[in-house]
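Heads up, the thing below is written out as structure tokens.
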Amino acid sequence: MASGEFHPVSVPRPSSALLWSEKSLNLEALLKESTLPVVVKMNAADDSSKLKKDAGTLLQQPLLLFKESKGFKVIAKNVSSLVAVRTSRDGVQYREGGATIVIPVQYPGWFRVLEEDTVPILSVSNLARVMPTSFLSAKRVPGFSLLDPLNRKDIMYERLEFPPGVFTLHSVFEDHVKYTTTKNTVKRKLLRCLVCVTGEGLDLLIPFDVTGEFYVVEHRNPNAKTAKADKNACAYTLKQLIAMGVFTRPLVLKLLIGDPPSKPCGFTGVMKVVDIVKDWTVIAQTLDGNRKLLELPVLPFPEFAQSTNGKDLLEPGSLRAELNHLRSGIADQYAKEIKVKTSLSLKPTKPQAGETRLPVLNGASAAQDKPFKQKTKTKK
């Protein structure tokens with residue numbers, strides 16, 4: 001199970017106003033019979049097993065099931081120490097530790113592949129030799145932005161620091177630059193710069209003498225007369241890595257830009273990928289006034305009882321604010337977050353056909369789903 005950050009709000013607990021059906025269904029049957037959103041609570045018989053304190057408390061609350069989520073997720077083990085990550089002739093040496101994390105393929109973050117002789121681009125001058133279409137800066141980068149873009153008679157820049165992100169590279173600029181400093185003094189200096197655009201559409205100049213940690217995001221025309229960047233000096237999204245077929249072998253990734261898990265887990269940003277699964281989950285929210293977000297895997301158990309008057313309370317009733325909170329976009333954002341995997345020792349109240357694995361309520365059920373293995377061609 002995975003849970004997101006929440007902000008306590010003064011919302012009355014609706015449990016006293018809810019009426020419950022005597023019939024219990026697992027999530028798969030419930031989704032076939034009902035249309036989301038619906039209000040449910042876990043079957044009391046399934047709730048008798050030993051749960052972890054935090055997870056058990058969440059599942060004992062009435063839940064608002066909001067939307068289904070289907071797609072691939074990356075299962076990874078946290079590397080316990082950044083100091084332990086180093087390269088050698090045998091590849092990356094590391095030490096695993098901490099929690100297992102689950103990353104949706106739609107996660108809006110950027111990664112680098114840690115392999116032998118992994119070296120990023122460390123200066124803007126070297127970046128200019130490669131001249132990629134776009135690049136990522138893993139650190140804050142100083143540059144110059146127009147003080148007044150509409151004033152073309154007296155062009156004046158201001159020196160600023162820009163946060164880490166992806167930049168589009170246009171050309172090389174060499175001329176005198178007049179700019180203001182933090183002390184409101186005006187200086188004029190001959191500079192060679194890269195003309196770039198931030199992700200927000202802001203034009204800026206980055207001088208050649210700036211150092212940092214840069215990665216190629218998109219290469220320019222392969223026939224262009226530019227230096228070739230090392231393959232390890234590149235940044236990728238999870239979608240790109242899966243499309244490249246790199247997960248046919250063990251990989252260690254480092255998160256360059258992106259939010260860590262909201263739940264404390266000793267996350268270092270370095271992780272060993274252990275599996276890729278195709279998952280089916282439901283985004284839910286507790287109705288205890290805390291608006292805690294959950295992602296429940298669709299499994300044969302546990303079973304849930306549906307509220308008979310929940311639909312009436314959602315649109316015009318007392319639960320309308322809870323539904324609008326999820327519709328504001330927070331549910332979609334939560335579905336794309338990195339989450340910490342938590343296993344619950346639930347036992348089915350009814351005998352199951354065949355072997356049934358324990359549910360993993362985490363946003364990705366590795367025990368439930370078959371791994372997505374990428375095929376590679378082999379020489380006979």
Side-chain angles (χ1 to χ4, degrees), residues 82 87 108-115 117-237 240 254-259 269-270:
L82 288 174
T87 58
W110 293 88
F111 300 84
R112 65 182 284 197
V113 179
L114 291 180
E115 291 186 319
D117 301 327
T118 300
V119 179
I121 300 173
L122 301 176
S123 68
V124 173
S125 58
N126 287 335
L127 185 64
R129 296 177 57 211
V130 179
M131 284 298 290
T133 300
S134 57
F135 66 93
L136 179 146
S137 176
K139 299 180 179 179
R140 296 184 65 87
V141 57
F144 299 92
S145 177
L146 282 172
L147 195 60
D148 183 5
L150 299 179
N151 186 359
R152 293 298 178 181
K153 293 183 179 180
D154 185 17
I155 299 178
M156 181 75 71
Y157 292 86
E158 58 178 336
R159 186 178 178 89
L160 300 171
E161 275 200 353
F162 298 88
V166 176
F167 299 82
T168 302
L169 198 162
H170 283 305
S171 59
V172 175
F173 172 86
E174 184 174 6
D175 203 344
H176 285 88
V177 175
K178 187 166 64 171
Y179 62 95
T180 60
T181 64
T182 55
K183 298 181 180 180
N184 292 327
T185 59
V186 177
K187 291 187 175 182
R188 191 169 182 268
K189 191 175 182 179
L190 179 63
L191 293 174
R192 294 189 70 191
C193 305
L194 291 181
V195 182
C196 305
V197 180
T198 66
E200 292 74 27
L202 181 65
D203 296 325
L204 72 149
L205 304 177
I206 305 179
F208 271 37
D209 58 359
V210 169
T211 58
E213 187 177 336
F214 306 102
Y215 300 87
V216 174
V217 168
E218 182 181 353
H219 290 275
R220 208 168 284 274
N221 187 343
N223 297 324
K225 295 181 179 180
T226 56
K228 304 300 180 183
D230 183 73
K231 66 176 182 178
N232 297 324
C234 299
Y236 307 96
T237 62
Q240 291 173 336
K254 179 181 178 181
L255 180 63
L256 297 174
I257 294 179
D259 294 327
V270 180

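Along the sequence shown, the residues carry numbers beginning at 1. Worth knowing before you read on, the calculation uses all heavy atoms, side chains too, and leaves out hydrogens, waters and symmetry mates.
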* Hey, mind stepping through W110 and R112 against side-chain contact (heavy atoms from CB on, under 4.5 Å) and telling me if it holds? -> CA-CA 7 Å; W110 293 88; R112 65 182 284 197; over 6 Å; no
* Decide yes or no for L194 and V124: does some side-chain heavy atom of the first lie under 4.5 Å from some side-chain heavy atom of the second? => yes
* Asked: If you measure from OG on S134 to CZ on R220, what distance do you get to the nearest 0.5 Å?
  -> 9.0 Å
* Asked: Rounded to the nearest 0.5 Å, how far apart are CG of D148 and OH of Y157?
  -> 12.0 Å
* Asked: Looking only at heavy atoms, what is the nearest atom pair of C234 and H219, with distance?
  -> SG-NE2, 3.8 Å
* Structure fact -> Interatomic distance, CZ@F162 vs OG@S137, rounded to 0.5 Å, equals 11.5 Å
* **For the student: nearest non-hydrogen atoms of C193 and P207, plus distance** => SG-CA, 3.8 Å
* Do R140 and P163 come close enough that some side-chain heavy atom pair is under 4.5 Å? -> yes
* Structure fact -> Smallest heavy-atom separation, V217 atom then F135 atom, equals CG2-C, 3.7 Å
* Structure fact -> Here the pair of heavy atoms bringing I121 nearest to V216 is CD1-CG2, 4.1 Å
* R159: what forms a salt bridge (Lys or Arg N to Asp or Glu O under 4.0 Å) with it, not counting sequence neighbours? -> none
* **side-chain contact (heavy atoms from CB on, under 4.5 Å) evaluation trace for L256 with L136** => CA-CA 9 Å; L256 297 174; L136 179 146; 4.0 Å; yes
* Looking at P120 and F214, what are the two nearest heavy atoms and their distance? -> CB-O, 3.7 Å
* To do: Taking side-chain contact (heavy atoms from CB on, under 4.5 Å) as the test, write out the residues that go with D259, two or more places apart.
  => none
* Yes or no on side-chain contact (heavy atoms from CB on, under 4.5 Å) for V195 and D203, after CA distance, side-chain angles and deciding distance? -> CA-CA 7 Å; V195 182; D203 296 325; 5.9 Å; no
* **Reported SG-to-CD1 distance for the pair C196 and I206, which is rounded to 0.5 angstrom** => 4.0 Å
* Asked: What closest approach, in Å, do I257 and P164 show between heavy atoms, and which atom pair accounts for it?
  -> CD1-C, 3.8 Å
Enumerate, atom names and distances included, each donor-acceptor pair closer than 3.5 Å involving a side-chain atom of residues 167-181, sequence neighbours excluded.
{"residue": "K178", "atom": "NZ", "partner": "D154", "partner atom": "OD1", "Å": "2.7"}
{"residue": "T181", "atom": "OG1", "partner": "K183", "partner atom": "N", "Å": "3.3"}
{"residue": "T181", "atom": "OG1", "partner": "T185", "partner atom": "N", "Å": "3.4"}
{"residue": "T181", "atom": "OG1", "partner": "T185", "partner atom": "O", "Å": "3.4"}
{"residue": "T181", "atom": "OG1", "partner": "T185", "partner atom": "OG1", "Å": "2.6"}

